[in-house]
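Working notes for the structure below.
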2 protein chains.
Amino acid sequence: MSPRRRSPLPGTRSRILAAAAGEFAAHGFAATTVDRIARRARVNKAMIYYHFPNKRALYTAIVRDHFSPIVEKLTAIRAEPAPAAQQLDRFVETFVASIDASRTFLPLFLREIAEGGVHLGGEELALVAEVFGAVRAVIASGTEQRTFQPVHPSLAHFTLIAPVIMFRATASIRRRLKTARNVDIPDADSGTLVRHMQMVARRMLAPPHNEGRIL
Amino acid sequence: MSPRRRSPLPGTRSRILAAAAGEFAAHGFAATTVDRIARRARVNKAMIYYHFPNKRALYTAIVRDHFSPIVEKLTAIRAEPAPAAQQLDRFVETFVASIDASRTFLPLFLREIAEGGVHLGGEELALVAEVFGAVRAVIASGTEQRTFQPVHPSLAHFTLIAPVIMFRATASIRRRLKTARNVDIPDADSGTLVRHMQMVARRMLAPPHNEGRIL
DNA sequence: GTCTATACTTCGATAGAC
DNA sequence: GTCTATCGAAGTATAGAC
């Protein structure tokens, strides 16, 4: 059995996915063109339509690939045998690490929020919901044990994740501000960011008689 | 002097601006079409190019109109004769009120961040910088007087504003989550949101020996 | 699986009458 | 200031050879 001539190039499909993720992250769904994706992947445009039915399907495939593994890591923390406060520390740490591990996750995530999640189907929405549910459960258990004060569950959740998202998302703007207007909004490395958010979480949730003194 | 026939329709230009703001907020710069703006403003497409040189210029005009008044309100707080802690309370209150007062400001703001500020010129960048500078100064003065603990200035800043932005920006996603997946991520009214963020600010900045006990 | 060529559509922008 | 008509570029998607 001789190998077929014109055998598939190694990883054509994955090269398309990688190139498309880069383009969608950089320009958003509407402003990204299939031509640019093809050029960046060094693939013929028709190949993209061979592997994916259309631009939208390619996009949602990328969103799913980006969200699933991170949601899995995040929800797994709930099962760890640790007190609520430590689980939140781990949550913050994992969230920051996930964002910093990928150049495309955060832009895709943020754009999807800006779009009101219009490109998210039922499955993707469920992923988001899982994370919220897990964090909410951790906080609720801490509150029951009186190691946390009662807080608005949604507001507590966004207080934990939003600063990380916005801080990392504005990195390029801050850089332009520094070079173009000589305004310094200092950056922070992962460790500093994680410790800051853990401090905020601890203080936000400390019971009134013992604020910030949680372990 | 008889009035000219074919006198200008009242507020053609402002109707264009309003319609364009709605379209840009809802769809982003790239996905917004001039045809749709014209239809929404009940104006002929050519009129848009009579009043504005091109789509981009129309967009930046809207961004400036949206950002300037809010930046002004925010930076004015610094001049009020109140201790740092109260100035931050006012800052939070004003920021939430500004977001809730306009249906278009937040989407425009968030999209601009997602885009890395590519549509922002020197002037607009300077506006953003002013707000950061004002908040940073308030925090620094509180730290000098030992009513605040030392914190990373950028991280403190984003801890104050990011949760508000993300919480309000995700309202539509949360609504879809509720109806489509029956997952309840409860909303919060302005008062609750303001009080939560003021609480977070107070606790984040309280000195170690007196956490959260600041006035 | 891969490529060329192209059909079909939409969009930004302008010319020119009124 | 307002409208009709249209140009030219760019974009999604497909047909069909190999």
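Chain letters run A, B, ... following the sequence lines, proteins first and then strands; every chain starts at 1. Only heavy atoms go into these numbers, but all of them, side chains included; no hydrogens, no water, no symmetry mates.
At least one side-chain heavy atom of B:Leu58 sits less than 4.5 Å from a side-chain heavy atom of B:Phe24.
B:Arg39 places its CZ atom 16 Å from the P atom of D:dC3, with the value rounded to the nearest Å. In this structure, A:Ile48 atom CD1 and D:dT14 atom P are separated by 13 Å, rounded to whole Å. Rounded to a whole Å, the CE atom of A:Met47 is 4 Å from the P atom of C:dT2. Following rounding to the nearest Å, A:Arg15 (CZ) and C:dG1 (C1') show an atom-to-atom distance of 13 Å. As rounded to whole Å, 18 Å separates atom C1' of D:dT14 from atom CZ of A:Phe52.
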Using a 4.0 Å heavy-atom cut-off, write out nucleotides 4-12 of chain C from 5' to 3' as B (base contacted by protein), S (sugar-phosphate only) or - (no contact).
B------SB
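Applying the ring pair (Phe, Tyr, Trp, His ring centres under 6.0 Å) criterion to A:Phe167, with sequence neighbours excluded, gives B:Phe158. With sequence neighbours excluded, no residue forms a ring pair (Phe, Tyr, Trp, His ring centres under 6.0 Å) with B:Phe95. Looking at residues two or more places apart in sequence or on another chain, you find a side-chain hydrogen bond (donor to acceptor under 3.5 Å, both in side chains) between B:Asp187 and B:Arg174. Partners of B:Thr104 according to the side chain to side chain contact (heavy atoms under 4.5 Å, CB included) rule, which considers only residues two or more places apart in sequence or in another chain, are B:Ala21, B:Ala25, B:His66, B:Ser102, B:Leu108.
For residues 112-127 of chain A, the salt bridge (charged side-chain N to carboxylate O under 4.0 Å, His left out) pairs, not counting sequence neighbours, are A:Arg64-A:Glu124, A:Glu115-B:Arg111.
At D:dG1, none of the side-chain N or O atoms of B:Thr12 fall inside 4.0 Å of OP1 or OP2 (strictly under the cut-off).
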